[in-house]
Amino acid sequence: MKYTSQAVAKPYFIGAMGLFVAQVLFGLIMGLQYVIGDFLFPHIPFNVARMVHTNALIVWLLMGFMGSAYYLVPEEAETELHSPKLALILFWVFLIAAALTVIGYLAVPYATLARITGNDLLPTMGREFLEQPTITKIGIVIVALGFLYNLSMTFLKGRKTAINTVLMIGLWGLAIFFLFSFYNPHNLVKDKFYWWWVVHLWVEGVWELILGAILAFVLIKVTGVDREVIEKWLYVIITLALVSGMVGTGHHYFWIGAPEFWQWWGSVFSALEPVPFFAMTLFAFNMVNRRRREHPNRAATLWALGTGVMAFLGAGVWGFLHTLAPVNFYTHGTQITAAHGHMAFYGAYVMVVITMISYSMPLMRGRAANSNKAQVVEMWAFWLMTVAMVFITLFLTAAGILQVWLQRVSDTPLGFMATQDQISLFYWMREVAGVVFLIGVVTYLVSFFIKGEERAA
Amino acid sequence: MTLPKNIADRVWLVMLAATLTTWALGSSGATGTWAVLVMLGLACLKGVLVILDFMELRHAPLLWRILLLGWLTLIAALIVLFYWIGST
Amino acid sequence: MSSTFTTSAARNIFYGGAVFSFLLFLALTFRTEQVLPQRDQRAQLDNPQVVAGKRIWENNNCIGCHTLLGEGAYFAPELGNVYKRRGPDFIKAWIKGQPTGVPGRRQMPQFNLTEQELDDMVAFLKYASEINTAKWPPNIEG
Amino acid sequence: MDTTINPPPATTDAEPHLHGDLAIWFFILAELMAFGVFFIAYAVTRAYNVEAFNAAQAGLDRNIGALNTILLITGSWGVVRSVQAARADRLVPAVRWMGVGLVCGLAFLVAKIFEYRAKFAAGLSMDTDTFHMFYFSLTFFHFMHVVLGVCILGILLLKLRRGGYGSHDVHGLETGAAYWHMVDLAWIVLFPLVYVMH
C-alpha cells in the first residue's frame, strides 16, 4: 500500500462484507420459503425477502467496486486520492441510504413505502432490482457522482495506465446506464426494453470492464508479469466483452414484444459472450504460470484464478445454455434463469471483489499477506463457497429442466404450482447447499481474524 | 495478354473474372446443385486468394492459415450441406 | 509466434469496436422503436385504467413473486397471459381472497385493493396479455 | 488449380511473419465467427423454407450486388498495392493506391444506400419476412463494417500523407489493411449466398 489514502477502501470492504452476509441470510430465508410456503409469513413475505436479497447483492458489489477503485486508482496513478474525506462521507451516505431502504422494505408494506417516499412524483419503483424508492435512487446518483468526481480528479492528475483508463470507463459507464432506471414509461414493452439498458449493459457490459481492470491489477501485483503484456490482453478481453455484450442485449428481447429480428441478433451475439470469459481464464492461468515472483498471498492468487474459471462457467457456459432463441422459448422465466443468475453473479463479480479484498486487506493492515494458518482457512472458505455455489446451480438447473419438461414441453402441461410441487426435492437440496455457502462465507470472515506468524509488510 | 508482374494485379484479375462468372451464372438463372457448387467454388477461390495473397497469410505461421482457410472451408461445406438438405 | 502485438493497436481496436457495437445497437434500437407500434398494443394505453393498473402492479411489487412476460421472480405463476388463462373474474376473486392460509403453501399477501383498483389491475393484465410476444409462452400454463 | 502463381515473397525475411497486429487478427477471427454463424443460420433457415426464400431472393438486385463485389475486390487490391508501395518507400503511389481503396469503399456505401432506399421504398424491411430479415441483417451488419473500414482507410491515408508509414514502419498500415481484407472476405461469401444461389 503505497499511499495512505488507499486505506479509505477498508470501510467499503467491511460494509460490503456486512451486506454480503445479510444477502446470504435472506437468500436462505427465501430458499426455505420455496419449500415451506408460509415460512415467516406475513412478517417477511417472499417479495420483501427477495428485494433485500437482490438489492443487498447489488449494493455490496457496488461498495466492493468502490473500495477496489479507491485502493487501485491511487496506486496506479501514483498519486494520493483527491479527497479521502469525501470518500468517507460518501461511504456513510451510501451505507445509511442502503440501510434505510432495507428498513423501509421490512417495516412497511411496499405500497405504503411508495406512498410515503412520494413515488407518484417520479414513479420508478416496482421493477425488478430497481425497487428502491425514487429518493434512494437519487441518493445513489449523488453518491456515484461524488465517487466519480473524487476518482476522476485523482486519475487526471496522475500517471495514466490502461488499467486506470479501463476502470474509469467502466465506472462512468455504470453511472450513465443507471440513469435509465429513471425512465419508466406507461408502455410495458418500452419499460422492459430500456430496463435492460440498466441491468444487462451493467452486468454484461461495463461491469466486465471493471472486472477486467481489477483482475488485471491483482494479477500484475501477484504474478509480477510486466504491465505491458497484461494491459494488451486486458484490452483484447474487454473489446470482446463489449462487442459481444452490447448487441448481446438482444437475448433479452426475444419475448417481450420487441421485433423478431432480435431473436437472430440476440442469439448470434450472445453466443459469442462466453469468448471473453474464456480468454480471461486463459489469460489468468497464463500469467500465473509465467509469474516472475512468488507472492506470499497465495489465497488472493487462488481467488483470481477462481474468478476466471467460475465467471466462464457461470456467465459463459450457463449463459450459453439458454441464450439461443429456440432454447430460450422454453426456458425463459424458469429456474434455468435462476441457476445462471446465481453462478454468473458469484463467479464473475462476487469473486473478483473478494479477490481484491483478499489481496488488499492484509496490505492495509500492514503485512504482505496473512499468516499461513489464516490463508489455509481462507482457502477452505474459497472451496466451501465455490463448491456450494456449483451445487446450488446444479440443483436449480435440474429443477429448471424438470420444470421446462413438465410445464412447457410436455403435451399435457402441468400448472405452475403443480410443477413446483414436483420439483420441491431440488429446492430442499439447494437450501442445504445454501447453508454450506453461508458456512463458507463465515469461514472467509473468520480467516481475517486468525493470527499466526507475521509476514514482512 | 502478358500476365502482370505484380502478384496483387494477377489475383485481382482472377477475382474479377470469378465475380463476373458468378454474376453471369446468376443472371442466366442457373439453379440446382451444380450451379450452387460452381458459385461456391468461385467464392472459395476468391476467399483463398484474399486469405493467402491479400492478407499475406502465405508467409504467416501455419496456424493462421489453418484458422482462416479452415473457417472458409467449414462455412462452404455447411452451406453446401444445407443447400443439399433444402433441395431434397 | 512471430507477430507484433502492441498495446496501442489493442487500445485503438477497443475504442473502435466499442463505438462500432454501440452504434450497431443504437441502429437496431431505432429500428425497434419504428416497428413497436404494430406490436405493443399502445392504443390500450389511452385507457387510463391500464395506466393506473401498471402503477398498482408496481406499487405492490408484484414482480417480487411473479414473472411478467417471463421476467421477474420465479416464486409464483407467470401473469403475462393470466388474463387468457383465468379470465377477469377469477383474477379479482383470487386477489380479494388472499392469503389462503393453507399451511405450508406459498402465501400471497392481502393488498386491500379497492374495486376500482382491481378493475385497473385486470385492465393492465389484459393489455399485457395482448402484446405480441412472438407466441411466447409455449402454452397457456405460462 | 494452381494458385501459387507468385514470385519469391515480397518480404525478404524467410521466417514466417504475421502482417498486422496480433490484436486485429483476434478480431478478424471474432468477426468471421459472427459472420459465419449468421451465414449458417441463413443456410439452415433457408433449408426449411426454400420456396419462400427463392421467391423473395428473386426481388434482389443482383447487379448492384455484383458491382459491390467488384468495388470491394478493387478496394482490397488498392490497399494491397498501397502497402507494397509503402514498404518500398514509394509514398506517393502508396497514397494514390490508398485513395483507390477509400474511393471504392465509399462507392460501395453509396451503392448500398441506394439499394436500401429502393427496398424501403418498395415497403420491404427487416420485418417483412424471414428472408428479408436475413438480407437486411447480414448486409447491414456488413455495411457497418464497411463504414468502420472507410474510417480506418481514411486515417491510414492521412497518416500516409504525413509520411507516417514507410519501410521503417508499416505496422499500423498492415493492421488496417488486414481488417479491410476481412471485410472483403466476408462479402465474398455473402454475395453468392444471399444474392445469387438458389
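Residue numbers begin at 1 in each chain, while the letters A, B, ... track the order of the sequences. Basis for what follows: all heavy atoms, side chains included, without hydrogens, waters or symmetry-related copies.
Here the shortest heavy-atom pairing between Pro192(D) and Ala43(B) reads CG-CB, 3.8 Å.
The closest side-chain heavy-atom distance from Trp64(B) to Leu29(D) is below 4.5 Å. Looking only at side-chain heavy atoms (C-beta outward), Thr22(B) and Phe191(D) come within less than 4.5 Å of each other. The closest side-chain heavy-atom distance from Ile75(B) to Ile40(D) is below 4.5 Å. Under the 4.5 Å side-chain criterion, counting only non-hydrogen atoms from C-beta, Leu68(B) is in contact with Ile28(D). The shortest side-chain heavy-atom distance between Phe54(B) and Trp180(D) does not fall under the 4.5 Å cut-off. Inter-residue side-chain proximity for Leu72(D) and Met15(B) is flagged as unmet; no heavy-atom pair is nearer than 4.5 Å. With contacts defined as side-chain heavy-atom distances shorter than 4.5 Å, the pair Ile188(D)/Thr19(B) does not qualify.
The parts of Arg62(D) that come within reach of chain B are both its backbone and its side chain, each placing non-hydrogen atoms under 4.5 angstrom from that chain. Contacts between Phe53(D) and chain B at a heavy-atom distance below 4.5 Å are absent for every atom of the residue. Within the 4.5 angstrom heavy-atom criterion, only backbone atoms of Ala30(B) (N, CA, C, O) approach chain D. Contact annotation for Val50(D): only side-chain heavy atoms (C-beta onward) come within less than 4.5 Å of a heavy atom of chain B. With a 4.5 angstrom heavy-atom cutoff, Ala35(B) does not touch chain D via any of its atoms. Both the backbone and the side chain of Asp9(B) come within contact range of chain D, with heavy atoms under 4.5 Å apart. With a 4.5 Å cut-off on non-hydrogen atoms, Ala178(D) touches chain B through its backbone but not through its side chain. The parts of Trp25(D) that come within reach of chain B are both its backbone and its side chain, each placing non-hydrogen atoms under 4.5 angstrom from that chain. For a residue to count as touching a neighbouring chain, one of its non-hydrogen atoms must lie under 4.5 Å from one of that chain's; by this rule Ile51(B) touches chain D with the side chain only. Heavy-atom distances place the side chain of Tyr42(D), and not its backbone, under 4.5 Å from chain B. Contacts between Leu62(B) and chain D at a heavy-atom distance below 4.5 Å are absent for every atom of the residue. Contacts between Leu42(B) and chain D at a heavy-atom distance below 4.5 Å are absent for every atom of the residue.
Remark: side-chain polar atoms of Trp71(B) are paired, donor with acceptor, to backbone N or O of Leu32(D) under 3.5 angstrom.
From Leu49(B), atom CG reaches atom NE2 of His181(D) across 12.5 Å, with rounding to the nearest 0.5 Å. Between Leu25(B) atom CG and Met197(D) atom CE the span is 11.5 Å, to the nearest 0.5 Å. How far OG of Ser87(B) is from NE2 of His198(D): 13.0 Å, rounded to the nearest 0.5 Å. Ile73(D) CD1 to Trp12(B) CH2: the interatomic distance, rounded to the nearest 0.5 Å, is 10.0 Å. Separation of atoms CD (Glu15(D)) and NE2 (His59(B)) is listed at 13.0 Å; rounding is to 0.5 Å.
Within residues 79-86 of chain B, the residues that have a heavy atom under 4.5 Å from a heavy atom of chain D are Ile79(B), Phe82(B), Tyr83(B), Ile85(B), Gly86(B), listed by number.
Residue with the most contacts toward chain B among Val79(D), Thr69(D), Val83(D): Thr69(D) (heavy-atom pairs, distance under 4.5 Å).
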Applying side-chain contact (heavy atoms from CB on, under 4.5 Å) to Asn63(D) and Trp23(B), what does each step give before you reach the verdict?
CA-CA 8 Å; Asn63(D) 304 336; Trp23(B) 176 69; 2.9 Å; yes
May I have the step-by-step check of side-chain contact (heavy atoms from CB on, under 4.5 Å) for Leu193(D) and Leu40(B), ending in yes or no?
CA-CA 8 Å; Leu193(D) 180 68; Leu40(B) 261 187; over 6 Å; no
Could you give me the CA-CA distance, side-chain angles and deciding distance for Met55(B) and Leu185(D), then say whether side-chain contact (heavy atoms from CB on, under 4.5 Å) is met?
CA-CA 10 Å; Met55(B) 292 178 165; Leu185(D) 177 63; 4.3 Å; yes
Start with the C-alpha gap between Ile70(D) and Leu20(B), add the side-chain angles, then the distance that decides, and say whether side-chain contact (heavy atoms from CB on, under 4.5 Å) holds.
CA-CA 9 Å; Ile70(D) 290 164; Leu20(B) 292 177; 3.9 Å; yes
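By the neighbour-count criterion of 12 heavy atoms within 6.0 Å, atom CZ of Phe114(D) is sparsely surrounded, having that number or fewer from other residues, nucleotides or ligands.
Contact check on Asp184(D) versus Lys46(B) returns no salt bridge, with no Lys/Arg side-chain nitrogen under 4.0 Å from an Asp/Glu carboxylate oxygen.
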